[in-house]
Amino acid sequence: MNRRVVIDTDPGLDDAVAILFALACGRFDVLGLTTVAGNIGLERTSANAGGLLAVMERGDIPVVSGAATAMLRDNIDAIVVHGADGLRGITLPPPLAPVQTDAVAWLAETLLAAPSGSIDILALGPLTNIGHLVSAFPEAAGRIGQLIVMGGAIAEPGNSGPASEFNFAADPEAVALVLRSDIRTTIVPLDVTRRLRADRAYIEALRGSKAGDLVADILTAYLVDGKQSRPLHDPCVMLLALAPELFEIEVLRLSVNLGDDPDAGALTRTDTGSPVAVAMRVDAERALALLASGFR
Ligand code: RIB
Ligand code: CA
């Protein structure tokens with residue numbers, strides 16, 4: 001039975017791999033892509049999301065754009081990693097359908113129209129859209145089956161500030177709203193995602209299908225030293241959704257730094273923090289094999 005999912009995303013090279021895997025593996029019913037400003041601005045993340053659907057000939061799946069800015073802060077970006085176009089020069093066809101607007105209202109309508117708990121949200125970027133959903137449509141947010149989030153760092157150094165991870169640093173207030181909500185949430189932090197990287201042999205072995213060829217091109221653009229890719233952050237969300245047994249999950253009480261210092265968005269374990277499931281370890285070999293299997 002395929003899981004019905006909405007992917008909230010800021011594509012972004014690793015988002016693109018995660019989205020193509022979800023579309024190609026045949027194990028998800030993707031109801032829509034909601035987009036958010038993150039790696040690059042909202043216009044680009046939305047165009048990239050539409051381009052990925054066009055490659056897969058999935059014009060039936062809507063792209064619904066959401067937040068162009070964080071809830072309370074100036075935007076940060078990750079252009080240094082993803083390039084100004086968000087895909088390091090990889091060109092995609094134009095979207096098959098116009099990008100819709102108001103992702104938060106669309107999420108609320110979609111969740112309220114479906115049986116409670118029947119739709120999961122796979123969150124690959126800053127949590128701004130989800131934060132607005134929790135704030136403006138708490139009844140709809142309460143109908144989310146599970147929310148799996150790429151974000152945060154527990155024992156790992158950050159990739160935005162010394163201890164803060166990019167998605168959470170981009171909108172700490174949204175993280176706080178989500179952690180304090182009663183949505184069944186699992187966080188996949190840098191402690192796990194940094195264990196998944198692709199080398200050249202792995203990348204070339206993905207080729208042989210439309211999605212596999214594009215993912216191989218994307219991962220080649222995502223190589224950090226010519227030998228290994230940067231961490232496969234966002235694909236870990238889809239892999240956990242499909243095979244949670246590949247991950248070791250702990251429930252931690254977490255608080256998020258809402259200050260104005262370089263570690264805004266950083267997580268700390270506190271007795272008064274919100275209890276949330278956190279993937280702390282992964283069987284990287286089996287996770288990489290599962291990822292590759294999605295493109296065969
Ligand atoms: O810290 C990694 C996260 O930030 C990933 O989701 C990547 O796409 C960027 O959004
Ligand atoms: Ca992302």
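This chain uses plain numbering: 1 for the first residue, then up along the sequence. When a ligand or atom number is given, it counts from 1 through the structure's own listing order.
- Counting only distance, with no hydrogens or angles, the side chain of Asp263 and the backbone of Ser164 share a donor-acceptor pair below 3.5 Å.
- Within the protein, the number of N/O/S atoms found under 3.0 Å from the Ca ion (ligand 2) is 5.
- Although no hydrogens or angles enter the test, the distance criterion places no donor-acceptor pair under 3.5 Å between the side chain of Asp171 and the main chain of Pro126.
- Considering only residues two or more places apart in sequence or on other chains, Asp14 meets the side chain to side chain donor-acceptor pair (under 3.5 Å) condition with none of them.
- For the side-chain contact (heavy atoms from CB on, under 4.5 Å) with Ile183, the qualifying choice from Ile121, Val149, Ile144 is Ile144, the only one to do so.
- Between Arg195 and Asp283 there is no salt bridge, since none of the side-chain N atoms of the basic residue sits less than 4.0 Å from a carboxylate O of the acidic one.
- Proximity of Asp120 to Phe28: side-chain heavy atoms (C-beta onward) are nowhere separated by under 4.5 Å.
- Put simply, the side chain of Arg88 gets close to the backbone of Val81: a donor and an acceptor are under 3.5 Å apart.
- Between the side chain of Asn39 and the backbone N or O of Ala78 there is no donor-acceptor pair closer than 3.5 Å.
- Contact residues for ligand 1 (protein heavy atom closer than 4.0 angstrom to any ligand atom): Asp10, Asp14, Asp15, Asn39, Leu124, Met150, Asn159, Glu165, Phe166, Asn167, His233, Asp234.
- Take Asp60 and apply the side chain to side chain donor-acceptor pair (under 3.5 Å) test, not counting sequence neighbours, and it matches Arg58.
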